[in-house]
Amino acid sequence: MMAEHGNLCGEEEATYCMNGGTCYKIPSMDVLSCVCGDNYKGSRCEQFQLLSISSNAGQAGLIAAVVIIVLLILVVGVVVIYYTCKVLRSKSQQNQESSQQQYWKIKPRV
């Protein structure tokens, strides 16, 4: 890439680029430049670039939205089940109390 515009650096300048980058000298500007290897960037290849799992940021956003929606549905489902059980338990207790009252009630003889 840079070979078209510059020459390889000499021995004294070879250590200018870090992390295995290739050093080139641009004679017209008397400037050193680096061509970085994989996973490195920066003017001297000094920054490590982490790889992204998703190549598309929109795809990552879609996955996050789906996860949030699923969690909300689960929370709503748990709340509905809780209140349904609470209402059924309350009705069951009321039925037991009314049946106990009728059991002990003495019926008059005619």
Side-chain angles (χ1 to χ4, degrees):
M1 181 163 57
M2 287 295 272
E4 298 174 5
H5 303 288
N7 303 323
L8 283 172
C9 294
E11 290 180 21
E12 64 277 353
E13 300 156 334
T15 58
Y16 177 77
C17 298
M18 297 187 218
N19 300 312
T22 306
C23 179
Y24 288 95
K25 186 171 190 174
I26 303 172
S28 61
M29 295 190 289
D30 197 29
V31 175
L32 298 177
S33 181
C34 297
V35 175
C36 302
D38 293 339
N39 300 332
Y40 290 97
K41 65 179 184 176
S43 62
R44 296 182 64 190
C45 305
E46 72 276 8
Q47 299 172 354
F48 182 72
Q49 184 174 2
L50 294 174
L51 295 176
S52 174
I53 293 173
S54 173
S55 61
N56 186 349
Q59 189 178 21
L62 179 64
I63 291 171
V66 168
V67 168
I68 290 170
I69 289 171
V70 167
L71 288 174
L72 285 174
I73 290 171
L74 286 174
V75 168
V76 168
V78 167
V79 169
V80 167
I81 290 171
Y82 171 77
Y83 280 110
T84 302
C85 289
K86 188 175 179 180
V87 167
L88 291 175
R89 192 176 305 135
S90 174
K91 285 183 180 181
S92 173
Q93 287 177 352
Q94 287 176 356
N95 288 341
Q96 286 179 354
E97 288 175 2
S98 66
S99 68
Q100 286 177 352
Q101 288 174 355
Q102 291 175 359
Y103 179 75
W104 292 105
K105 189 173 184 181
I106 299 175
K107 297 179 184 178
R109 292 186 184 177
V110 182

[atom2] on [Y] to [atom1] on [X], rounded to 0.5 Å:
X     : Y     : atom1 : atom2 : result
Asn19 : Cys45 : CG    : SG    : 7.0 Å
Ser43 : Tyr16 : OG    : OH    : 5.0 Å
Leu8  : Tyr24 : CG    : OH    : 5.0 Å

Looking at Arg44 and Cys34, would you say the former's side chain and the latter's main chain have a donor-acceptor pair under 3.5 Å?
no
Please test Cys9 against Cys23 for disulfide bond (SG atoms under 2.5 Å apart), starting from the C-alpha separation and ending with a verdict.
CA-CA 6 Å; Cys9 294; Cys23 179; 1.9 Å; yes
Do Leu74 and Tyr82 land in one hydrophobic cluster if side-chain heavy atoms of ILVMFWY residues count as linked below 4.5 Å?
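No; tracing contacts between hydrophobic side chains, which count when under 4.5 Å, never links both residues.
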Leu72 and its side-chain contact (heavy atoms from CB on, under 4.5 Å) partner, picked from Ile68, Val76, Ile69, Val75
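Answer after filtering Ile68, Val76, Ile69, Val75: Ile68.
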Just so I know, are the side chains of Lys25 and Asp30 near enough to count as touching, which here means a heavy-atom distance under 4.5 Å?
yes
Ser33 versus Cys17, closest heavy-atom pair with distance
O-SG, 4.0 Å
